[in-house]
Asker: 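Mind looking over this structure? Questions follow.
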Amino acid sequence: MAIAGVDSEGRPVVNTMTLDEYHGDSATRREGFWEWETDRTVQRSGNMAHVWSSYSTARTEGGEPFARGVNSITLFHDGERWWIMGWMFDASAG
């Protein structure tokens, strides 16, 4: 997976990691959050699809969003189920 953003000087950067690295050591987060999808665009061709999924994040359910972003997800259907082939998000977009 990949996370797009900007560095302290405002330059575009991308950080890549495995899903295990993204999940970390499964330690408890200091603050919980709620995240919900606000928009979705799907383009499909045969057994592949691309999804743009915009989201908002708040500290409480139904609370005021403190962040917004966009997920870019590439999927493959093997005849039985969809598999995530790539996932990138940009918390500075949206």
Side-chain angles (χ1 to χ4, degrees):
M1 74 156 294
I3 303 171
V6 294
D7 65 16
S8 61
E9 296 178 15
R11 294 179 301 218
V13 295
V14 66
N15 296 309
T16 60
M17 64 199 73
T18 67
L19 209 47
D20 286 339
E21 290 169 333
Y22 174 71
H23 289 138
D25 60 6
S26 298
T28 303
R29 294 184 180 269
R30 289 185 185 162
E31 288 186 84
F33 65 92
W34 294 86
E35 187 171 285
W36 61 96
E37 186 175 56
T38 58
D39 190 46
R40 179 187 310 162
T41 301
V42 178
Q43 294 177 304
R44 181 175 176 181
S45 179
N47 291 319
M48 65 180 179
H50 185 265
V51 179
W52 288 102
S53 174
S54 299
Y55 63 87
S56 290
T57 306
R59 295 283 176 220
T60 60
E61 185 175 14
E64 187 66 29
F66 67 87
R68 290 178 172 78
V70 177
N71 290 295
S72 172
I73 308 160
T74 304
L75 302 160
F76 169 74
H77 196 271
D78 69 1
E80 295 186 27
R81 61 165 278 193
W82 288 99
W83 294 89
I84 297 174
M85 305 306 293
W87 169 36
M88 183 175 185
F89 72 89
D90 189 334
S92 65

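Here the structure is a predicted model, which is why all the values come from computation and not from measurement.
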Asker: If I compare all heavy atoms of D90 with all of G5, which pair ends up nearest, and what's the gap?
Answerer: OD1-CA, 4.2 Å
Asker: Looking at every heavy atom in both T57 and E35, which two are closest together, and how far apart are they?
Answerer: OG1-OE1, 3.3 Å
Asker: Considering non-hydrogen atoms only, spot the tightest contact between W87 and N71 and give its length.
Answerer: NE1-OD1, 2.8 Å
Asker: Looking at residues at least two apart in the chain, or sitting in another chain, which of them share a ring-ring contact (aromatic ring centres under 6.0 Å, His included) with W36?
Answerer: none
Asker: Would you say W52 ends up clustered with M48 if hydrophobic residues are merged whenever their side chains have heavy atoms under 4.5 Å apart, either directly or through other cluster members?
Answerer: no
Asker: Which heavy atom of T60 sits nearest a heavy atom of W34, and at what distance?
Answerer: C-CD1, 3.0 Å
Asker: Supply the atom-to-atom distance M1 CE to D20 CG, rounded to the nearest 0.5 angstrom.
Answerer: 12.5 Å
Asker: Is there a path of hydrophobic side-chain contacts, each under 4.5 Å between heavy atoms of I/L/V/M/F/W/Y residues, joining M88 to Y55?
Answerer: no
Asker: If two hydrophobic side chains count as joined below 4.5 Å and joins carry through other members, does V42 share a cluster with I73?
Answerer: yes
Asker: Under the side-chain contact (heavy atoms from CB on, under 4.5 Å) criterion, do F89 and I3 qualify, and how do the steps go?
Answerer: CA-CA 5 Å; F89 72 89; I3 303 171; 3.5 Å; yes
Asker: Among residues at least two apart in sequence or on other chains, which ones pass ring-ring contact (aromatic ring centres under 6.0 Å, His included) with W82?
Answerer: H77
Asker: Is it the case that more than 12 heavy atoms not belonging to R40 sit under 6.0 Å from its CZ atom?
Answerer: no
Asker: Between CG of D39 and CZ of R68, what distance do you get to the nearest 0.5 Å?
Answerer: 12.5 Å
Asker: Locate the shortest heavy-atom distance separating M85 from L75; write the atom from each residue and the value.
Answerer: CG-C, 4.2 Å
